[in-house]
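The structure under discussion appears below in the form of structure tokens.
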Amino acid sequence: MALKVIVIGSGAREHAIAHTLLKGESVESVYCIPGNPGMEKDGIICVNLSTSNHAALVDFATEKKIDWVFVGPENPLIDGIVDEFESHGIKAFGPGKQAAQIEGSKNFAKELMKRHNIPTAEYRTFSDYESAADYVHSHGAPIVVKADGLAAGKGVTVALDEETAIAALNDIFVDRRFGDAGACVVIEDFLEGQEFSLMSFVRGNEFWTMPISQDHKRAYDGDKGPNTGGMGAYSPVPQISDETVAKAVETIVAPVTQGMADEGMPFNGVLYAGLIATADGPKVIEFNARFGDPETEVVLPKLKSDLGKAINAILSGEEPEFEWDTEKTTLGVVLAAEGYPGKPNKGFALHDIDLSSDPNAHIYAAGVARRGHDADEEAGIAGSAAGSAANADSAADSNCNLAASGGRVLLVETTADDIKQAQEKLYAIIENADTSGLFYRKDIGSKALAMSKK
Ligand code: AMP
Ligand code: GLY
């Protein structure tokens, strides 16, 4: 087929998407815009264009005679990048601006779920501090406060007492910490149960589900510390039964895709359902209009068939083929820059991680820049202690031209027969590496391990 495709985005998720596309026979080349230099070892071609400059993206796709574009992150989707490509006759995999609101506005998602009887927490929406605070006092804790718009995973407060909920309202309405994303809040009931992520490839009212996975949102071991974009993931999730997954498909994925199609705003692309398995069955915590990160990095390695061929089929109105490994366990651990998610350090050199002990292991790069160039410029590290200490002893590494540029820096992933073996192999690799400047959770996958001991 010799497809030439673009992947938009720069994180470990886009690295996994691009790498999986290249593994299939149908894809000849993948341009990642803007990508990051840690991807290049896998043959991904990084192109330094801004994803907000839609005209430049269209020009590039036209000039390179691209077959289609796969959009990774939410911001360009919510900005309408897919509509822009399509208006120039370029095929793009992802929802248009209207359907992307399922992620862009929590209130939109909640109302959509209400209209289609999709199980989710009871909620109320407020646009001023006084009425929101009154509601918190009358409802009592635990209660969950969410800024309405995009807040990079940081706009949600799970308040176990009323004071915490009130403090969150203060942040949103008085200090305006999330700017316009906080012009409106959704306050919802606290749901109790195990979380899991169910992603599907969607074309209007048709969908093809992927294996489920579980993210670890909190920064530190034992689910302590602030919420992050996600510190690690694994798949499958043995504590979630097949019946629960089937029920989630029947009561959530099917009606939401059908509902959006019926309302004239069909969803195309990857639909991510962040779910919680409550005593009353699976309920929606959030929808995302794209692949999850880090879930993608543990789900896509399970795909045995050709991803590019399947996306091409979906975009061409044909039946795609997906064949998943259902036996093995995948595990991915994020190495984040110290200080993440608050003020992550930047600019320090990255050392090689030796994967020779495990042929199944792979590294996906996220907050990675070229040293002495983009990382230094961004971080202004000239006087940074972390930067100079790490730089001094990195000369022997082949990786020594790479530096950390952002919050989540790398994700190390492997596949094994079970979660215990996956943890042993993966943590041995990470512990043997020089991870100065980085931190990681040491308990990714342990909830599944606790389950398998029962
Ligand atoms: P979100 O950004 O909506 O995914 O929320 C971030 C995290 O907050 C989720 O992964 C959950 O751990 C937690 N959370 C969100 N909504 C609720 C809820 N209604 N009940 C309990 N936990 C929640
Ligand atoms: N891992 C959660 C997300 O991608 O939003």
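Note: hydrogens, waters and symmetry copies are ignored here, and every other heavy atom, side chains too, is used. Small disclaimer: the values here were computed from a predicted structure and weren't measured.
Put simply, the side chain of Arg290 never gets that close to the backbone of Gly72: no donor and acceptor are under 3.5 Å apart. Here the side chain of Glu74 pairs no donor or acceptor atom with the backbone of Ala289 at under 3.5 angstrom. Counting only distance, with no hydrogens or angles, the side chain of Asp79 and the backbone of Ile81 share no donor-acceptor pair below 3.5 Å. Between the side chain of Thr244 and the backbone N or O of Ile240, no donor-acceptor pair lies under 3.5 Å. Remark: side-chain polar atoms of Thr120 are paired, donor with acceptor, to backbone N or O of Val284 under 3.5 angstrom. Judged purely by atom type and a 3.5 angstrom limit, Lys23 has no side-chain atom pairing as donor or acceptor with the backbone of Lys304. Panel note: side chain Asp67, backbone Val5; no donor-acceptor pair is recorded below 3.5 Å. Without hydrogens or angle criteria, Ser87 side chain to Glu84 main chain gives a donor-acceptor distance under 3.5 Å. Between the side chain of Gln423 and the main chain of Ile444, a donor-acceptor pair closer than 3.5 Å is present. A donor-acceptor pair under 3.5 Å links the side-chain atoms of Ser26 to the main chain of Lys309, judged by distance alone.
Judged purely by distance below 3.5 Å, without hydrogens or angles, the side chains of Asp358 and Thr414 pair a donor atom with an acceptor atom. Side-chain atoms of Asn107 and Thr125 form a donor-acceptor pair, as typed in the model, at a separation below 3.5 Å. A donor-acceptor pair shorter than 3.5 Å can be found between the side chains of Ser197 and Glu295. Using modelled atom types, one finds a donor on one side chain and an acceptor on the other under 3.5 Å when comparing Glu319 with Trp208. Side-chain atoms of His216 and Asp443 form no donor-acceptor pair, as typed in the model, at a separation below 3.5 Å.
For Arg203, the salt bridge (Lys or Arg N to Asp or Glu O under 4.0 Å) criterion is met by Glu206, not counting sequence neighbours. Applying the side chain to side chain donor-acceptor pair (under 3.5 Å) rule to Glu263 yields the partners Arg115, His116; only residues at least two apart in sequence or on another chain are considered. Residues that satisfy the side chain to side chain donor-acceptor pair (under 3.5 Å) test with Asp221, not counting sequence neighbours, are absent from this structure.
Two residues are said to be in side-chain contact when any heavy atoms from C-beta on lie closer than 4.5 Å; Pro95 and Glu103 fail this criterion. Using a 4.5 Å heavy-atom threshold, the side chains of Tyr31 and Val7 count as separate.
For the atom pair Tyr364 OH and Asp42 CG, the distance stands at 7.5 Å (nearest 0.5 Å). Note that CG of Leu426 is 10.5 Å distant from OG1 of Thr330, once rounded to the nearest 0.5 Å.
Partner of Phe93 under the side-chain contact (heavy atoms from CB on, under 4.5 Å) criterion, out of Val71, Asn268, Val270: Val270 alone. Screening Met231, Arg441, Lys217 against Asp223 for a side-chain contact (heavy atoms from CB on, under 4.5 Å) leaves a single residue, Arg441.
Shown here is Glu323, whose CD atom has more than 12 heavy atoms of other residues, nucleotides or ligands within 6.0 Å. By the 6.0 Å contact criterion, CD on Glu327 is open, its count of non-hydrogen atoms from other residues, nucleotides or ligands being 12 or less. More than 12 heavy atoms of other shown residues, nucleotides or ligands fall within 6.0 angstrom of atom NZ in Lys4. Atom NZ of Lys114 has 12 or fewer neighbouring heavy atoms from other residues, nucleotides or ligands inside a 6.0 Å radius. Residue Lys247 qualifies as open at atom NZ: its count of foreign heavy atoms under 6.0 Å is 12 or below.
Note on ring orientation: taking the six-membered ring where Trp is involved, the planes of Phe173 and Tyr129 are perpendicular (angle over 60°, cut-offs 30° and 60°).
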Start with the C-alpha gap between Met260 and Leu112, add the side-chain angles, then the distance that decides, and say whether side-chain contact (heavy atoms from CB on, under 4.5 Å) holds. CA-CA 8 Å; Met260 290 181 84; Leu112 177 73; 3.8 Å; yes
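Using a cut-off of 4.0 Å between Lys/Arg side-chain N and Asp/Glu carboxylate O, Lys91 and Glu86 are scored as not salt-bridged. With salt bridges taken as basic N to acidic carboxylate O contacts below 4.0 Å, one links Lys110 and Glu188.
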